[in-house]
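A quick write-up on the structure given underneath.
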Amino acid sequence: MIMSNVCTERKGTKQPSLQGPLIITLHAKKYPCSHENDGIPKSISSLSSIDGQHPKQEAEEDWSTFHPEFTHQLFENDIILGYKPYPQEPLLNNNELSLVTNDEVNGGSEQPLDDDKYLKIDIILSSSCHSCHVYVKSYDPTTWKESSISNDLNQIISKLKMAIPPVISINGEICAGQQSTFDKPFGKIIHHYSPTKRSSESMVMTLADPSAELSVLEYHNAVQNLSMFFIESASTVDISNTAGGFWKIMYLFCSHSSATKGFESDDDNIGTGENNNSKRRKIENNIFSLVGYTTLYYFHAPFKRPKPGLVVRICQMLILPPYQRCGHGKVMMEQIYNLIQKDDDKEIVVELNVEDPCVGFTLLRNRIDYEFLKKKCEELLPERYRCTLVNILADNECDEENLKKLFPVLPDTEGIKIASLMKVTKNQVHAAYELYKLDFGQRHFKIISVNKNSTGNDIAKQDKNSAAAQKQFRIMVKKRLMKTYAERIGSVNELS
């Protein structure tokens with residue numbers, strides 16, 4: 001169940017209903033500091049001291065604040081009995097960190113709220129996501145004063161620990177010492193880039209082997225808990241287990257420099273030479289914060305057709321919410337494809353597949369496969385399946401037979417051959433091929449329709465041709481679906 005956003009109305013308005021799923025707020029500092037406990041978000045009030053000193057409050061613009069997508073694996077039905085969600089927008093009096101009273105919220109009305117306490121959970125992630133601070137507060141629904149939560153605190157924390165990295169402190173009380181940042185990325189650097197030309201940040205992508213580096217194993221065991229907040233039905237995996245295969249982790253870090261908060265580079269890849277070595281030294285002298293990761297599981301498939309070899313399975317891919325919708329997932333997927341395309345005598349990869357992908361990931365994967373097929377169509381597709389028969393429509397005379405030549409069904413034999421070259425599954429080849437044909441049809445008929453020399457009769461004929469082409473595309477897709485699900489369709493017919 002995706003958590004809904006619950007908030008309150010402003011002072012002087014009627015108090016809305018707050019019955020709904022649990023709200024957990026995560027805070028991550030935009031620019032990491034080399035000192036632990038350097039500050040807290042300004043919105044977190046009534047905090048206990050850390051190491052005997054009250055931590056400095058940071059302005060809200062210095063922090064990224066986001067919420068989990070899923071909490072049902074931690075708390076049944078996304079609720080904690082006896083509590084209701086704390087308003088997402090704190091009700092403040094005169095812009096100070098003091099809660100307004102119940103009478104002020106209801107405009108002086110004596111109408112009481114229900115007996116459930118308000119629960120406020122704030123999780124402050126270290127920039128490396130290797131550790132966190134947890135603040136759990138409850139407030140009386142009638143007076144809005146902080147109330148005791150000692151009886152339920154241990155139970156709430158024990159469930160939260162399933163989805164967060166090791167906890168440094170709870171409500172300001174130190175639990176354990178953890179490193180907040182690190183000055184060297186885990187694994188081997190395979191790619192780096194800047195999100196924009198003027199960006200002061202630099203993204204660094206690495207490939208780490210947990211079996212070769214104990215620090216990678218420890219770090220990933222701490223970080224992977226976050227997947228339960230953002231991947232439905234996610235679970236942690238034992239990446240130290242090499243029975244039947246082995247694991248590699250692809251990390252994406254944001255590199256920050258204490259002096260310049262990053263550096264600019266015209267070169268997207270780290271190679272060799274003095275200049276590139278200088279860039280590498282700059283990267284290694286920076287502080288790093290986690291952007292996301294992908295877990296890759298390698299296993300041998302001795303009976304794989306058309307040839308045996310290693311299969312790489314993407315088990316988890318997570319880009320943290322502050323960095324989503326910026327193209328980082330696409331860059332990471334492209335690097336995975338580059339990785340499997342490199343032939344290594346020791347590790348010959350024959351296929352890349354995905355474990356239980358969500359809709360968003362499927363769309364990303366389809367797009368990358370389509371772009372790869374389009375770029376390499378002359379090498380991958382036989383001539384009769386390429387989008388090169390433009391002369392059929394040159395005279396605007398599109399009969400059914402000619403349109404069928406434009407949208408032929410890709411047979412399984414060709415699909416298997418192309419899949420072995422692209423190193424993807426046969427189903428992905430069909431998805432990429434259909435997107436390839438759809439793109440061709442849309443672009444081609446659009447080009448014809450904007451011809452300024454076209455007459456009214458020509459335009460009418462073009463509209464007819466466009467509808468006929470769309471029909472042939474739908475028939476092509478339906479034929480593929482009928483063949484793919486023939487067994488299921490047959491069983492349904494037998495039952496009916």
Side-chain angles (χ1 to χ4, degrees), residues 26-36 38-39 58 61-66 125-131 179-209 213 215-216 219-220 222-223 226 248-296 317-339 364 368:
L26 295 101
H27 307 268
K29 200 168 184 184
K30 294 180 180 178
Y31 295 101
C33 179
S34 58
H35 303 288
E36 293 185 28
D38 182 63
E58 299 282 355
E61 58 267 20
D62 294 334
W63 294 83
S64 293
T65 300
F66 48 99
L125 295 171
S126 64
S127 58
S128 62
C129 293
H130 187 269
S131 59
Q179 184 180 1
S180 177
T181 61
F182 49 93
D183 55 10
K184 183 178 180 181
F186 293 96
K188 178 183 178 183
I189 298 176
I190 59 174
H191 186 62
H192 78 87
Y193 63 96
S194 295
T196 60
K197 291 183 179 180
R198 296 183 179 182
S199 175
S200 61
E201 298 177 337
S202 177
M203 300 297 168
V204 179
M205 196 173 298
T206 66
L207 187 66
D209 185 353
E213 300 179 65
S215 59
V216 174
Y219 177 69
H220 195 74
V223 167
L226 288 170
K248 288 188 178 181
I249 316 296
M250 183 174 285
Y251 290 110
L252 182 60
F253 298 106
C254 186
S255 174
H256 310 266
S257 172
S258 58
T260 62
K261 289 186 179 179
F263 68 93
E264 295 183 3
S265 172
D266 295 328
D267 193 5
D268 281 343
N269 295 288
I270 295 181
T272 58
E274 183 177 352
N275 291 336
N276 284 315
N277 288 336
S278 175
K279 293 175 185 177
R280 186 183 296 275
R281 284 195 296 271
K282 288 183 180 180
I283 290 176
E284 292 180 349
N285 289 334
N286 289 354
I287 297 173
F288 296 87
S289 57
L290 181 68
V291 175
Y293 70 86
T294 301
T295 54
L296 304 172
M317 175 180 280
L318 174 63
I319 301 294
L320 295 178
Y323 298 97
Q324 291 178 4
R325 306 294 179 183
C326 299
H328 299 306
K330 185 173 185 289
V331 175
M332 184 171 281
M333 279 294 292
E334 289 172 344
Q335 290 303 308
I336 294 174
Y337 275 63
N338 291 340
L339 186 67
L364 172 62
I368 292 176

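None of the values given here were measured: they were computed from a predicted structure. Every heavy atom of this structure was used, including side-chain atoms; hydrogens, water molecules and symmetry mates were not.
Taking each heavy atom of T206 and G187 in turn, the nearest pair found is CB-C, 4.2 Å. Shortest non-hydrogen contact noted between L290 and C129 is CD2-CB, 3.9 Å. Smallest separation of non-hydrogen atoms from H192 and S202: ND1-OG, 4.2 Å. Considering all non-hydrogen atoms of both residues, Y251 and M332 come closest at C-CE, 4.3 Å. The minimum heavy-atom distance between A222 and H130, with the atom names listed, is CB-O, 3.9 Å. The minimum heavy-atom distance linking V223 with S128 is given by the pair CG2-O, 4.1 Å.
A 4.5 Å side-chain heavy-atom check between L339 and K248 finds every atom pair outside the cut-off. Using a 4.5 Å heavy-atom cutoff, the side chains of L125 and F66 are in contact. Looking at heavy atoms from C-beta onward, M203 lies in side-chain contact with C254 at the 4.5 angstrom threshold. In this structure the side chain of F253 reaches within 4.5 angstrom of the side chain of F186, judged on heavy atoms. Put simply, the side chain of L207 does not reach to within 4.5 Å of the side chain of Q335, judged on heavy atoms.
For E334, the side chain to side chain donor-acceptor pair (under 3.5 Å) partners are K330, not counting sequence neighbours. Shown here are the side chain to side chain contact (heavy atoms under 4.5 Å, CB included) partners of V331, two or more places apart in sequence or in another chain: H191, Y193, M205. Shown here are the side chain to side chain donor-acceptor pair (under 3.5 Å) partners of Y219, two or more places apart in sequence or in another chain: there are none. Every side chain to side chain donor-acceptor pair (under 3.5 Å) that D209 has, sequence neighbours left out, goes to S211.
Between L296 atom CG and I249 atom CD1 the span is 7.0 Å, to the nearest 0.5 Å. With rounding to the nearest 0.5 angstrom, the CE atom of M333 is 10.0 Å from the CE atom of M250. Here the straight-line distance linking atom CG of L226 with atom CG of L320 works out to 6.5 Å at 0.5 Å rounding.
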